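Chain naming here is simple, since letters A, B, ... match the order of the sequence lines and numbering starts at 1 in each. Since this is a predicted model, take the numbers as computed values, not measurements.
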Amino acid sequence: MRQSRYFLPTLREIPSEAEIPSHQLMLRAGMIRQLVSGIYTYLPLGYRVLRKVERIVREEMDRAGAQEVLLPAVQPASLWQESGRWEDYGKELLRFQDRHERPLVLGPTHEEVITDLVRQEVRSYRQLPMILYQIQTKFRDEVRPRFGVMRAREFVMKDAYSFDVDWEGLDRSYQAMYKAYESVLQRCGLRFRVVQADPGAIGGEGGSHEFMVLSEVGEDSLLVCPRCSYAANIEKARSKTPEYGSAGDVPPMERFLTPGARSIEDLKTRFGLNPETILKVLIYRVDDRYVAAVVRGDHEVNEVKLKRLLNARRVELADEETVRALTGTGFGSVGPFGLTMERVVDDAVAALPEGVAGGNEPDVHYRHVVPGRDFQWEKQGDIRTARAGEPCVECGGTLEMYRGIEVGHVFKLGTKYSEALSAVFLDEQGRQRTVVMGCYGIGVSRLVAAIVEQHHDDKGIVWPASVAPFHVHVIPVNIRDEQQRTTAEELYRQLTERGTEVLLDDRDERPGVKFNDADLIGVPVQVIVGKRASEGLVEWKWRRTGEVEVLSTEEAAERAAAIGSGE
RNA sequence: CGGAAUGUAGCUCAGCUUGGUAGAGCGCACGGUUCGGGACCGUGAGGCCCAGGGUUCGGAAAUCCCUGCAUUCCGACCA
């Protein structure tokens with residue numbers, strides 16, 4: 001490609017809307033432009049990279065035995081009503097009507113459509129297992145799009161769906177996809193962790209794993225055990241339930257006054273209480289009822305875990321007015337006693353030998369409260385957010401926290417969708433059975449941003465060779481110099497002929513402009529054709545290290561051709 | 001969905017406090033000079049100052065007030 005004719009609008013300054021490095025660099029390097037919030041155009045350079053990443057994804061999917069299809073982006077509401085997600089998916093689902101006022105959606109994901117296809121076409125166990133995938137534009141009406149294509153409303157996703165006769169089959173398909181995902185990320189040159197995750201709105205009963213690219217700007221937190229293989233999204237992560245030792249005989253509960261105490265912090269600083277022994281009671285609105293969640297004063301309720309434990313659709317904290325009506329007191333003195341609503345107690349509270357709890361009347365607390373003796377509960381489980389420094393559930397090692405960008409998520413759906421949409425087949429015995437499904441997503445456009453996030457320096461992007469938009473960047477320092485121009489042109493011609501992807505900077509620009517643009521764009525190798533072209537010599541410069549070698553033009557051509565052919 | 005900030009030239013911003021009809025740097029076009037890390041000189045094009053309403057000097061608003069919209073950031077949600 002001749003740069004003089006290439007639509008590559010680089011920016012010298014950082015656009016004010018961009019906050020994180022990948023967003024800034026993708027704008028500056030002329031890869032993307034924003035149309036409206038969360039919706040981007042890919043310019044030629046950006047689209048080249050996107051296609052490189054897509055190719056890697058395709059190769060690994062095909063290698064894993066998946067078959068590529070293309071499903072419609074526009075889908076009838078009826079399918080979503082059938083699966084139950086018309087209600088469950090919420091406002092992220094973009095809904096609209098056609099001219100006949102028939103309700104439609106713009107697909108945020110494709111479980112419904114693919115399951116519909118399979119229920120129509122698959123009749124026999126002989127047709128299974130099967131894995132289908134597509135690479136397609138998805139639309140999710142995000143509350144707050146941000147960070148460029150990292151969290152966009154319209155984005156490119158690879159989604160795959162597996163169909164098996166039973167759970168053992170699903171395990172095999174899941175493993176195959178899991179491995180393929182690891183290969184994709186490795187080939188993209190990424191440092192990542194695979195973590196246990198909460199399946200969220202996709203659902204399914206078999207659990208899920210997220211593929212997290214490690215990055216400071218990642219929106220997810222991961223807890224990782226350095227001693228064993230345990231790693232989980234903070235939404236899901238567990239730590240060992242604390243052991244307190246036996247307290248012996250605990251005296252009966254004792255009422256005491258805590259005037260004006262509104263928070264755990266107040267109880268600590270003004271009344272000298274240890275938060276670890278306080279029972280914090282939070283009132284949640286769960287779907288259409290209220291639930292009291294009890295955790296230790298120093299712990300946080302994990303709403304994702306709470307939602308899962310209660311099998312709820314929606315969980316949100318009640319406001320103070322509601323709390324007053326339900327408990328007889330406001331924030332700061334709510335206790336677990338005598339509540340009419342369901343109580344859910346965290347494991348760490350249930351194990352507590354004794355503690356301090358609110359009295360459900362203003363300014364009153366009780367000490368020597370023994371869970372099980374002084375109050376009961378309807379449900380118990382792990383509902384707190386695990387923290388760095390706590391002991392790993394698996395091995396007791398000390399958990400560490402990292403930030404990550406979720407670029408992939410694999411789910412064992414089981415029969416959630418196949419049952420709702422009755423996707424069934426006949427087994428060897430002629431019995432009708434429900435298809436067991438898995439689904440597997442990679443945010444392809446997000447992956448591009450994640451790569452930039454991990455591969456840049458203060459001058460610009462530094463592409464890993466596998467996804468670089470071009471293999472080599474040929475830069476004649478001065479295009480008006482006859483010798484330099486012809487040498488560069490000749491290199492360009494030869495390499496292009498041999499299948500190497502070359503960007504030739506044939507612009508009549510000053511060297512500084514060219515070098516800065518080249519560093520910004522980040523092609524891995526720069527072949528600089530300068531004064532010594534007259535002696536048949538050029539410079540071979542690695543973008544990553546800045547290391548320069550002087551080579552003969554022929555040798556540079558050979559090396560570049562080798563890179564182009566994938567060596 | 002709550003909280004905050006910002007909307008002026010293609011980009012980055014000044015001007016707003018104190019109302020008088022718009023500026024800089026970069027970029028762009030043309031000419032000249034220059035040519036190994038974003039050069040220099042000259043000339044020029046480019047703006048319903050986000051939109052709508054209001055206020056006042058009867059007849060001055062980028063600037064003051066109100067409403068809306070957009071963008072961004074911070075919190076609650078997800079590939």
Contact letters for nucleotides 69-77 of chain B, in which S counts primed atoms plus P, OP1 and OP2 and B counts the base, heavy atoms under 4.0 Å: --SSBBBSB

Heavy-atom protein contacts under 4.0 Å, nucleotides 35-45 of chain B, coded B base, S sugar-phosphate only, - none: BBBBB------

[N] versus [M] - spacing of their [atom1] atoms, nearest Å:
N: B:rC65; M: B:rC40; atom1: C1'; result: 48 Å
N: B:rA22; M: B:rG47; atom1: P; result: 13 Å
N: B:rG2; M: B:rG52; atom1: C1'; result: 27 Å
N: B:rG53; M: B:rC69; atom1: C1'; result: 14 Å
N: B:rU34; M: B:rC41; atom1: P; result: 15 Å
N: B:rC16; M: B:rA62; atom1: C1'; result: 7 Å
N: B:rA70; M: B:rA61; atom1: P; result: 27 Å
N: B:rG46; M: B:rG10; atom1: P; result: 12 Å

For a quick check of understanding: with a heavy-atom distance under 4.0 Å over all strands, which category does [X] fall into, base, sugar-phosphate or nothing?
X: A:Leu317; answer: nothing
X: A:Ala152; answer: base
X: A:Gly90; answer: nothing
X: A:Pro108; answer: nothing
X: A:Phe211; answer: nothing
X: A:Leu447; answer: nothing

For [N], the Watson-Crick or wobble counterpart (both distances under 3.5 Å):
N: B:rU71; answer: B:rA5
N: B:rC16; answer: none
N: B:rA76; answer: none
N: B:rG36; answer: none
N: B:rG46; answer: none
N: B:rG52; answer: B:rC66
N: B:rG31; answer: B:rC41
N: B:rA61; answer: none

Is the charged tip of [X] near the ring of [Y]: under 6.0 Å from the six-membered ring centre and within 45° of its axis?
X: A:Arg543; Y: A:Trp463; value: no
X: A:Arg95; Y: A:Trp86; value: yes
X: A:Arg33; Y: A:Tyr40; value: no
X: A:Lys412; Y: A:Tyr174; value: yes

Expressed in angstrom and rounded to an integer, what is the separation of [X] atom [atom1] from [N] atom [atom2]?
X: A:Met157; N: B:rA79; atom1: CE; atom2: P; result: 8 Å
X: A:Glu13; N: B:rC13; atom1: CD; atom2: C1'; result: 8 Å
X: A:Leu106; N: B:rA79; atom1: CG; atom2: C1'; result: 16 Å
X: A:Gln24; N: B:rU12; atom1: CD; atom2: C1'; result: 13 Å
X: A:Leu94; N: B:rC78; atom1: CG; atom2: C1'; result: 16 Å
X: A:Met212; N: B:rA79; atom1: CE; atom2: P; result: 9 Å

Earlier contact from the 5' end, RNA chain B, for A:Val149 and A:Pro15: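 Closest to the 5' end, via its nearest nucleotide, is A:Pro15.
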
Residue met sooner reading RNA chain B from 5', once A:Lys91 and A:Arg140 are mapped to nucleotides: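 The residue mapped nearer the 5' terminus is A:Lys91.
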
Proximity of A:Phe411 and A:Tyr161 rings by center, below 6.0 Å: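 No, the ring centres sit 6.0 Å or more apart.
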
Proximity of A:Phe211 and A:Tyr178 rings by center, below 6.0 Å: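 Ring-ring flag for A:Phe211/A:Tyr178: true, centres closer than 6.0 Å.
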
Heavy atoms from other residues, nucleotides or ligands near CD of A:Glu216 exceed 12 (cutoff 6.0 Å):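 It does not: A:Glu216 CD has 12 such atoms or fewer within range.
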
Within 6.0 angstrom of A:Asn311 CG, more than 12 heavy atoms from elsewhere: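 Open.
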
Spatial distance of atom OG (A:Ser534) from atom CD (A:Glu482) [nearest 0.5 Å]: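 The CD atom of A:Glu482 is 12.5 Å from OG of A:Ser534, to the nearest 0.5 Å.
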
From A:Glu489, A:Glu490, A:Gln483, residue fulfilling side chain to side chain contact (heavy atoms under 4.5 Å, CB included) relative to A:Thr486: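 Between A:Thr486 and the candidates, side chain to side chain contact (heavy atoms under 4.5 Å, CB included) is satisfied uniquely by A:Gln483.
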
Result of checking A:Thr137, A:Asp141, A:Leu94 against A:Leu106 for side chain to side chain contact (heavy atoms under 4.5 Å, CB included):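 In the set A:Thr137, A:Asp141, A:Leu94, the residue that makes a side chain to side chain contact (heavy atoms under 4.5 Å, CB included) with A:Leu106 is A:Leu94.
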
Ion pair check, A:Arg296 and A:Asp346, cut-off under 4.0 Å: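 So A:Arg296 does not pair with A:Asp346 through a salt bridge.
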
Lys/Arg-Asp/Glu bridge criterion (N-O < 4.0 Å) met for A:Lys541, A:Glu547: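 Result for this pair is no, no salt bridge flagged.
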
Given A:Arg151, A:Arg153, A:Lys91, the one that forms salt bridge (charged side-chain N to carboxylate O under 4.0 Å, His left out) with A:Glu142: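 Only match with A:Glu142 under salt bridge (charged side-chain N to carboxylate O under 4.0 Å, His left out): A:Arg151.
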
What's touching nucleotides 3-7 of chain B from the protein side, N or O pairs under 3.5 Å?
none

